[in-house]
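Take a look at the structure below.
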Amino acid sequence: MSEQAKGISLFRTHNAGELRMGEAGHEVVLSGWVQRRRDLGGLIFIDLRDRSGFVQVVFNPDHSSPEVMALGDKLRNEYVLSVKGKVIAREPGTVNAKIPTGEIEVQAMQAEILNAAKNPPFYIQDNVDVDEMVRLKYRYLDLRRSEMQQTFILRHKAVQFIRSFLDRNEFLDIETPMLTKSTPEGARDYLVPSRMHPGEFYALPQSPQLFKQLLMVSGFERYYQVARCFRDEDLRADRQPEFTQVDIEMSFMPLQEFHDLMEEMMAALFKETLGADIPRPFQRLTYKEAMDRYGSDKPDVRFGLELKNISEIAATSAFKVFASTVENGGVVKGINAKGCASYSRKQIDELEAFAKRYGAKGLAWMAFTEEGLKSPIGKFLNEDEIESIKRMMEAETGDLLLFVADKEKVANDALGNLRLKLGKDLDLIAEGSFRFLWVTEFPLLGYDEEAGRWVAEHHPFTMPMWEDIDKLESDPVSVRAQAYDMVLNGYEIGGGSMRIFQRDIQEKMFKALGFTMEEAYDKFGFLLDAFEYGAPPHGGIAFGLDRIIMIMAGRQSLRDTIAFPKTQSASDPMTQAPSEVSARQLEDLHIRLGQDVETVTGKE
RNA sequence: GCGGAAGUAGCUCAGCGGUAGAGCAUCGCCUUGUCAAGGCGAGGGCCGCGGGUUCGAUCCCCGUCUUCCGCUCCA
């Protein structure tokens, strides 16, 4: 038993942050951390924090013994403290309306320091501007901050809700292996060397994709898992090497019904946890429409600024860049930056530099000012053309039109991102609003220039749209998949598909991917075998839990929704992972380091 | 692999070719109604690391490492 037992003998009767006028007059025991100490000499105030919040504890000689006063004097930030005291209503002039517990305070009658604490490297408080590196190194302290705790409480509630929703709908939580087989398609695998099998490796799962399909073959019919996934690719603010999916798969349900169910889950989740009303059914856009109008397969539809295609006018114009781009199969698209005609040359140059990051060769512009058209390309366009463009772009005086002439992919990418930037810069996005949509009819295949062959855009078991199956051979690029993403505020929060469950279609798919059946068997033999034994029609989706929580919590970085995340170079400043291992460990694993790796320092 | 930004006290930052500063934090003293308490005082620095230029470099140049944002990548 700790020293504590000798003193107060009880850690807690109430949560500090939940005390209100209702408890006035009650004797309480609180335990937590010293948030802050205000020493007025004869009088000491302590903000005592626990998970629920904090309350002011007063050390006052009028009601605290000399021993208790002496203890109050010793307290420092982040000391762990147990206090027994009386809750009293504060004197009228001393009420603090800024905090939930501001109407009361606790008079310390007994107190005990359960643990001292070193001076923390940064303040444990919200909205601190501390370097991420420092926060991650002392993650356990960072996680003490209220806003971090709120995020993880939200995350917990969200997961609880999802689990119970899926349970009510007869989904079974089934775990799948973390040590599994490396598969050729997709992201780079994290590999785990095998000790028992020299020269062979497991892969950590990029997702439980194949296993959940096998569970459908097994007849579980409805499966879900809150599953950790691993991808060894470059990180971003919204991408971690290790992340969590809510992975769902089900049999015998038509696409539309499945989408309805998933919508219901998300809408109810947001209602339950945030009180947000999400209109249903969700908006739907085909992939093509999303690309045409927003230049993105995950459009943020909280604002307009849609892309317009002016290729037709551009094709016949005297502006060579426009005309030749269209002639060579490219497009000319633009967006209307409403009210930006007054942008300075410097501002426009910055927009151009931004567009160039996404491969655009330049950014043509037309500003309709009070004094008339200002544009470097104006002299190449006749009045009719200018009028047509103006009409097509829905431009008025005061607007700035921005154009990219390039291959369709580049134009969409550059303008799509420019649109997002302008949306932010021009403050067009209503904070706290949630706009869900489905993006459907993704292309089934994409051509991989490097590999010189067609690759599955989603994965090789994605069902083509029935009406496109015949084109698998003749016109692979135009084959659409029964694949879909759920998009929220410009983030892809989930993606999935209906799966191929019939042998002949699967063979056609592999053929389109340039695999022989032998090669296909080598890579996915176990799944193909399984499918010979009566695979039901099935499909599913995987939601990016971390990302959903990030949006729900209004955070900008995925790292704020993962308790122990990694830096951009996939390392952990706290544990120092990854790290070197001993020569002995490597030997057991039959691994010799390459010559480009500095000698491992012996750690036997 | 590439582009951009950053690295100076525990934290957040300023500085500048002549050996370093602020706010907060810490420590000491004072302080009975504070709640970002206040007052006085003190300690605290390989100016990320390695080279170069210079009489002299935290500052200029080159390289390198780390972090953040983005590109490539992420079925």
Side-chain angles (χ1 to χ4, degrees), chain A residues 35-48 54-64 69 76-78 90-99 101-102 105 118-138 141 183-189 206-207 209-210 229-241 243 350 353-354 356-360 413-414 417 420-421 442-446 448 450-451 454-462 481 483 492 495-497 509 513 523-524 542 544 556-557 559 566-569 571 573:
Chain A
Q35 172 72 33
R36 210 177 276 276
R37 171 172 170 272
R38 291 177 294 278
D39 182 355
L40 277 69
L43 192 60
I44 299 168
F45 297 98
I46 297 289
D47 289 338
L48 184 68
F54 67 93
V55 69
Q56 173 163 285
V57 178
V58 193
F59 290 72
N60 185 330
D62 295 345
H63 56 256
S64 307
M69 288 309 292
R76 294 294 181 272
N77 285 352
E78 300 310 315
R90 293 197 192 186
E91 297 291 327
T94 65
V95 166
N96 185 350
K98 285 184 285 187
I99 60 173
T101 57
E105 62 192 7
K118 280 169 71 174
N119 183 37
F122 52 86
Y123 256 140
I124 310 301
Q125 65 182 23
D126 287 350
N127 301 314
V128 281
D129 180 20
V130 179
D131 190 76
E132 277 250 15
M133 182 75 161
V134 179
R135 287 177 56 198
L136 289 180
K137 184 172 176 191
Y138 299 95
L141 296 180
T183 52
E185 308 276 303
R188 192 177 294 112
D189 285 322
Q206 295 175 26
S207 78
Q209 183 60 41
L210 300 176
C229 306
F230 305 86
R231 293 177 191 178
D232 189 2
E233 297 290 352
D234 291 353
L235 275 47
R236 293 282 186 284
D238 66 344
R239 261 166 31 199
Q240 280 277 304
F243 60 101
E350 276 167 14
F354 181 85
K356 282 180 171 174
R357 298 212 311 241
Y358 299 90
D413 208 20
N417 281 292
L420 290 176
K421 178 181 165 56
F442 276 80
L444 185 72
L445 304 164
D448 185 335
E450 217 173 288
W454 293 95
V455 294
E457 283 283 330
H458 189 54
H459 61 64
F461 311 102
T462 304
E492 180 198 326
S497 64
M509 179 68 176
L513 291 173
K523 296 172 203 299
F524 306 109
Q556 302 303 310
S557 166
R559 290 184 296 276
K566 308 259 188 304
T567 67
Q568 188 161 42
S569 58
S571 61

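We name chains A, B, ... by the order of the sequence lines, and we start the count at 1 in each one. Values in this document were obtained by computation on a predicted structure and should not be read as measured data.
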Look at all strands and tell whether A:R37 reaches a base, only sugar-phosphate, or nothing, counting heavy atoms closer than 4.0 Å. nothing
Would you check if the side chain of A:Q206 reaches a backbone N or O of A:A187 as a donor-acceptor pair within less than 3.5 Å? yes
Could you check which of B:U67, B:C68, B:C73 has an atom nearest any side-chain atom of A:S571? B:U67
Using the C1' atom on both, measure B:U31 against B:G41 and round to a whole Å. 15 Å
Give me the distance, rounded to whole Å, that separates B:G23 from B:C40 when you measure between the P atoms they each carry. 11 Å
Look at the side chain of A:R239 and the base of B:C73, then say whether one donor and one acceptor between them are separated by less than 3.5 Å. yes
Heavy-atom nearest pair, A:T101 first then A:V55, reads OG1-CA, 3.6 Å
Taking all non-hydrogen atoms of both residues into account, name the closest pair between A:T462 and A:A483 and its distance. CG2-CB, 4.0 Å
Euclidean distance, atom CG of residue A:D131 to atom P of B:G7 [Å, nearest integer]: 11 Å
Expressed as a whole number of angstroms, how long is the span from A:D448:CG to B:U72:P? 14 Å
Between B:G21 and B:G15 - P atom distance, rounded Å: 15 Å
Using a heavy-atom cut-off of under 4.0 Å over every strand shown, decide if A:Q125 touches base, sugar-phosphate, or nothing. nothing
Checking B:C74, B:G70, B:U12 against the side chain of A:R357 (C-beta onward), the nearest is B:G70
Considering only the P atoms, how many Å lie between B:A25 and B:C35, rounded to the nearest integer? 13 Å
Say we look at B:C13 and B:G48: how far apart would their P atoms be, to the nearest angstrom? 15 Å
Pairing pattern in dot-bracket form [Watson-Crick, G-U; both distances under 3.5 Å; | = partner strand] for RNA chain B: (((((((..((((....[..)))).(((((.......))))).....(((((..]....))))))))))))....
Hey, are the side chains of A:S497 and A:H459 touching, using non-hydrogen atoms and a 4.5 Å cut-off? yes
Nearest whole Å is fine: how far is B:C69 C1' from A:L235 CG? 12 Å
Closest heavy-atom pair, A:M133 versus A:P573, reported as atoms and distance to 0.1 Å, is SD-CG, 3.9 Å
Minimum side-chain heavy-atom gap A:L445-A:M509 below 4.5 Å: yes
Between A:R90 and A:I99, which heavy-atom pair has the shortest distance, and what is it? NH2-CD1, 4.1 Å
Can you check the A:E132 CD to B:G7 C1' distance for me, whole Å? 15 Å
Say you pick atom P in B:G3 and the same atom in B:A9; how far apart are they, in whole Å? 28 Å
For A:K118 and B:C11, what is the distance between atoms NZ and C1' respectively, to the nearest whole Å? 15 Å
Any donor-acceptor pair under 3.5 Å between the side chain of A:D234 and the base of B:U72? yes
Nearest-Å distance once atom P is located in both B:C27 and B:G17: 38 Å
Under-4.0 Å side-chain N/O to phosphate OP1/OP2 contact, A:S569 with B:U66: no
Side-chain heavy atoms of A:F524 within contact of A:P460, under 4.5 Å: yes
Let me know the distance between CE of A:M133 and C1' of B:C69, rounded to the nearest Å. 17 Å
Figure out the CZ/C1' separation between A:F122 and B:A36, and round it to whole Å. 18 Å
Shortest non-hydrogen contact between A:R36 and A:N77, atoms and distance: CA-OD1, 3.5 Å
Applying salt bridge (charged side-chain N to carboxylate O under 4.0 Å, His left out) to A:E233 and A:R239, what does each step give before you reach the verdict? CA-CA 9 Å; A:E233 297 290 352; A:R239 261 166 31 199; over 6 Å; no
Any idea which of B:G70, B:C68, B:G10 is nearest the A:P121 side chain? B:G10
Please figure out whether A:A456 or A:Q556 has its closest RNA chain B nucleotide nearer the 5' end. A:Q556
Sugar-phosphate only, base, or nothing, as touched by A:V130 at under 4.0 Å among non-hydrogen atoms: sugar-phosphate
Is the shortest side-chain heavy-atom distance between A:F122 and A:D131 below 4.5 Å? no
Base-contact (B) and sugar-phosphate-only (S) positions in nucleotides 22-35 of chain B, heavy-atom cut-off under 4.0 Å, - elsewhere: --SSSSS--BBBBB
So, taking the atom named CG in A:L43 and the one named CG in A:N60, what distance separates them when rounded to the nearest 0.5 Å? 5.0 Å
Is A:R135 side chain donor-acceptor paired with the B:U67 base, going by distance under 3.5 Å alone? no
Distance in angstrom units between A:D238 CG and B:C71 P, rounded: 9 Å
Pairwise 5' ranking along RNA chain B for A:R231 and A:K566, keeping only the more 5' one: A:K566
Pick the C1' atom in B:A20 and in B:G52, then give their distance to the nearest Å. 24 Å
